[in-house]
Amino acid sequence: MNLKDKLPQNFYTQDVHSVARELLGKLFVRKLNGKALVGKIVEVEAYDGSYDEASHAFRGKTKRNEVMFHPGGLLYVYFTYGMHFCCNVVTGKVNEGKAVLLRGLEPLEGIETMAFNRYGKKKITQKELVNLANGPAKICDAFGIARENNGTDLTGDKIFIIDSKKISTSKIGISTRIGIKKSVDLLWRYYIKENLFLSRK
DNA sequence: TACTAGATCGGCT
DNA sequence: GCCGATCTAGTAG
């Protein structure tokens, strides 16, 4: 991991689908209490507010989704099901309302901290390791991301993403998105094929 | 392995 | 008042 390879703002202002695909394989970093928690991005979903009924941004700007309407490069964190947080990378230009939901990370660094955040213990089984961050709410739990991180600037030094070798197109899987009831046919979920840390096969 | 229910609360109709 | 970009534990097969 080379900190010089932190993704710049102009990475995030690209089209939401380009950002979604290119985020695969990159390293999501969260500094927590002086330590770095790092995970490789293995699964994401695109949400395009302009014609995507499943997107929080579909009905326009509100107090909750306001961050989505900023230019790309911010973290959009929302609270759901009365108990979980999920986080998104805001993309595109101002007022577009588009974002990429992080759905699966492969834990690389700070695993003991993540384990403690999720399971209340530092030593975990192989099964628990696989389940550490293979889902949107699990990511936020493991990485200690909550309401107060909504709107975090990803070009800053608290939460950011490190570039890495691009995943070849042949290794990227595409499917419908998970857990939604509207716009269910859009093939806007992208993932690294055969990775162990996917929320689903 | 597969399906179901329950937890729990903020946002929006 | 209803329902959600979820997760877990429980039961049944």
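Chain naming here is simple, since letters A, B, ... match the order of the sequence lines and numbering starts at 1 in each. None of these values were measured; they are calculated from a predicted model.
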Using the 3.5 Å cut-off, write out each protein N or O paired with an N or O of nucleotides 7-13 of chain B and the distance between them.
unit_1, atom_1, unit_2, atom_2, d
B/dT8, O2, A/Y81, O, 2.6
B/dC12, OP1, A/T62, OG1, 2.6

Kindly give the atom pairs (protein nitrogen or oxygen, nucleotide nitrogen or oxygen) under 3.5 Å for nucleotides 1-5 of chain B.
none

- Query: What is the nucleic acid contact for A/N88, judged by heavy atoms within less than 4.0 Å: base, sugar-phosphate only, or nothing?
  - Reply: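 Base, at least one base atom sits under 4.0 Å.
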- Query: Hey, does A/A54 reach any base, or is it just sugar-phosphate, or nothing, if we go heavy atoms under 4.0 Å?
  - Reply: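 Result for A/A54 = base.
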- Strictly by modelled atom types, are A/Y47 and A/E45 linked by a side-chain donor-acceptor pair under 3.5 Å?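 Checked: A/Y47/A/E45 side chains pair up, N/O donor to acceptor below 3.5 Å.
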- Say whether A/K61 and A/N65, considering side chains only, have a donor N or O and an acceptor N or O under 3.5 Å apart.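 No - no donor-acceptor pair under 3.5 Å links their side chains.
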- Task: For nucleotides B/dC3 and C/dA5, find the distance between their P atoms and express it as a whole number of Å.
- Result: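 My reading of the P atoms in B/dC3 and C/dA5 gives 22 Å.
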[atom1] of [X] versus [atom2] of [N]: gap in Å, rounded?
X: A/F85; N: C/dT6; atom1: CZ; atom2: P; result: 15 Å
X: A/Y119; N: C/dA9; atom1: OH; atom2: C1'; result: 13 Å
X: A/L102; N: C/dA5; atom1: CG; atom2: C1'; result: 12 Å
X: A/Y78; N: C/dG4; atom1: OH; atom2: P; result: 12 Å

Check residues 81-93 of chain A and write down every donor-acceptor pair under 3.5 Å in which the side-chain atom is one partner and the other belongs to a residue at least two apart or another chain.
unit_1, atom_1, unit_2, atom_2, d
A/N88, ND2, A/Y76, O, 3.4
A/T91, OG1, A/K98, O, 3.4

Any side-chain to backbone donor/acceptor pair from [X] onto [Y]? Under 3.5 Å, distance only.
X: A/K122; Y: A/M114; value: no
X: A/K26; Y: A/L7; value: no
X: A/S55; Y: A/D52; value: no
X: A/D141; Y: A/A137; value: no
X: A/R118; Y: A/L132; value: yes

- Within 6.0 angstrom of A/E148 CD, more than 12 heavy atoms from elsewhere: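 Yes, enclosed.
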- Map every base of DNA chain C to its dot-bracket character, where paired means a Watson-Crick or G-U wobble contact with both distances under 3.5 Å and | marks a partner outside the strand. ||||.|||||||.
- Task: Give the intermediate values and the outcome of side-chain contact (heavy atoms from CB on, under 4.5 Å) for residues A/R189 and A/I174.
- Result: CA-CA 6 Å; A/R189 171 174 176 254; A/I174 298 175; over 6 Å; no
- Item | Positions of residues 173-192 of chain A (non-hydrogen atom under 4.0 Å from DNA chain B), listed by number |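 Result for residues 173-192 of chain A: none.
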- How close do A/S199 and A/R103 get, heavy atom to heavy atom, and via which atoms?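 Shortest heavy-atom separation between A/S199 and A/R103 comes out as OG-NH2, 3.3 Å.
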- Item | Which atom of A/G25 lies closest to which atom of A/K40, heavy atoms considered |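 Of all heavy-atom pairs spanning A/G25 and A/K40, the closest is O-CG, 3.6 Å.
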- Any pair counted as ring pair (Phe, Tyr, Trp, His ring centres under 6.0 Å), so long as it reaches residues 153-201 of chain A, sequence neighbours left out: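 The answer is A/H17-A/W188, A/Y51-A/W188.
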